[in-house]
Amino acid sequence: MRRTQRNWLWLLLVTAGTIGLLALLTFSTVDDWSSPSTPISGRAPDPDQVIFRKGVNEDRRSLFNGVLYYQPPKAVDVGDTLEFSALLTAIRSETPPEWPPGDVVAQRALRVGGVQKAYLSEAGKNVDIDVLGSSIGTIAAPGDEVEWRWYLTPRKPGTYTLKLTVETYRGDSDVLLARTAPPIDIILSARATWAYRITSARNWLIGLAATLAALTALGAVFRRPLTAIFSRILGSRRRSDRQQP
């Protein structure tokens, strides 16, 4: 009995020692993981990127106040071409100069200075837009101006919303410094003319005639098979009627 008790006591001591050793190793490993010799926050930022971002921020702070003037386009007949222009001016003060009285002009304030680009688009592709000259200009100091002009030709009657976007770039690079957000909405109304109505009616008649011609051709192709089928049906009915008393 005493030998058995000694064996159990020895087994308990060995088990307790093993558990204590495993616990010690576990805590020491966790401490090593939680206190690494090097920071885990990631690599240090690239010095070139830091310098680049600093330069871009300085360029944005040095931009001038600007005002974009444009005359809302008047209603135009379908197929006619209208010229639309927008004038960008760099100003010295916060308040834009007054436009000559009598002209109804819309305006938008924005930050300018450097290479200026303008884009005019229409999502539905129902208005042909052709830029006159270059879409790129330069503003180096207050008082400088850039003017853009486009030819607008609506192809269908209706009211269309054109999107005008003006962007400011850093020098001759592709680094964007400022942009009109959201784009400026330019509303263009196109009137239907008698010539357009006549052309639409003629196109509709041509389409109808083509449809009728196609149906006639299909009828000519399937006329004999259909005639044979109907003849068989009628013949079978007649024979059944004759057989009945």
Side-chain angles (χ1 to χ4, degrees), residues 49 52-53 55-100 103-192 196:
Q49 285 293 327
F52 173 77
R53 293 176 182 176
V56 171
N57 291 332
E58 291 178 353
D59 289 343
R60 286 174 176 169
R61 287 194 295 268
S62 63
L63 293 177
F64 311 117
N65 292 323
V67 182
L68 183 72
Y69 299 98
Y70 60 95
Q71 182 83 28
K74 299 179 180 180
V76 64
D77 293 337
V78 173
D80 289 350
T81 299
L82 173 70
E83 181 177 331
F84 172 75
S85 62
L87 177 66
L88 180 63
T89 303
I91 60 177
R92 300 180 183 275
S93 61
E94 297 289 341
T95 304
E98 294 184 0
W99 196 261
D103 293 335
V104 179
V105 175
Q107 63 185 35
R108 170 77 71 89
L110 61 154
R111 302 287 287 173
V112 300
V115 176
Q116 306 293 151
K117 298 181 181 181
Y119 307 95
L120 188 63
S121 61
E122 194 270 318
K125 306 299 182 182
N126 294 315
V127 179
D128 293 340
I129 302 175
D130 299 318
V131 62
L132 299 177
S134 176
S135 61
I136 301 176
T138 303
I139 288 182
D144 290 350
E145 296 179 346
V146 177
E147 185 178 17
W148 295 282
R149 295 185 300 161
W150 296 269
Y151 277 153
L152 310 178
T153 307
R155 293 303 179 188
K156 295 181 180 179
T159 300
Y160 303 103
T161 300
L162 284 63
K163 300 292 183 179
L164 175 60
T165 302
V166 177
E167 298 176 337
T168 302
Y169 287 87
R170 183 184 187 186
D172 57 353
S173 67
D174 57 352
V175 179
L176 182 64
L177 299 178
R179 172 188 291 165
T180 51
I184 302 172
D185 291 340
I186 308 297
I187 307 301
L188 176 65
S189 297
R191 298 183 297 256
Y196 176 82

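Heads up: numbering here begins at 1 and tracks the sequence. Worth saying up front: this structure is predicted, and the values here are computed from it rather than measured.
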Looking at side-chain heavy atoms only, is the closest gap between [X] and [Y] below 4.5 Å?
X: L87; Y: L68; answer: no
X: Q71; Y: F84; answer: no
X: L188; Y: P73; answer: yes
X: L152; Y: I129; answer: yes

So which heavy atom on [X] is nearest to which on [Y], and how close?
X: K125; Y: E122; answer: N-OE1, 2.8 Å
X: I91; Y: F64; answer: O-CB, 4.4 Å
X: S134; Y: I136; answer: OG-N, 3.1 Å
X: G66; Y: V112; answer: CA-CG2, 3.9 Å
X: A190; Y: V78; answer: CB-CG2, 4.1 Å

Knowing that exactly one of L176, T180, L63 qualifies, which makes a side-chain contact (heavy atoms from CB on, under 4.5 Å) with T168?
->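 Result: among L176, T180, L63, L63 is the only option passing the side-chain contact (heavy atoms from CB on, under 4.5 Å) with T168.
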
Supply the atom-to-atom distance [X] [atom1] to [Y] [atom2], rounded to the nearest 0.5 angstrom.
X: W148; Y: S135; atom1: CH2; atom2: OG; result: 9.0 Å
X: L132; Y: E147; atom1: CG; atom2: CD; result: 10.0 Å
X: D130; Y: T153; atom1: CG; atom2: OG1; result: 6.5 Å
X: L177; Y: R111; atom1: CG; atom2: CZ; result: 10.5 Å
X: Y151; Y: L82; atom1: OH; atom2: CG; result: 10.0 Å
X: K117; Y: L88; atom1: NZ; atom2: CG; result: 14.5 Å

Who are the side chain to side chain donor-acceptor pair (under 3.5 Å) partners of E167, not counting sequence neighbours?
->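 Result, side chain to side chain donor-acceptor pair (under 3.5 Å) vs E167: Y169, R179.
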
Quick one: list whatever passes side chain to side chain donor-acceptor pair (under 3.5 Å) with D128, sequence neighbours left out.
->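 Counting only residues at least two positions away or on another chain, D128 forms a side chain to side chain donor-acceptor pair (under 3.5 Å) with R155.
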
Is it the case that more than 12 heavy atoms not belonging to R108 sit under 6.0 Å from its CZ atom?
->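 Enclosed: over 12 neighbouring heavy atoms sit under 6.0 Å from CZ of R108.
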
Could you give the side-chain donor-acceptor pairs of residues 159-166 under 3.5 Å, partners two or more places apart or in another chain?
from, atom 1, to, atom 2, distance (Å)
Y160, OH, K156, O, 2.7
Y160, OH, P157, O, 3.3
K163, NZ, D185, OD1, 2.5

For the pair D80 (side chain) and V76 (backbone), establish whether a donor and an acceptor sit closer than 3.5 Å, ignoring hydrogens and angles.
->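 Flag not set: sc D80 to bb V76 has no pair under 3.5 Å.
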
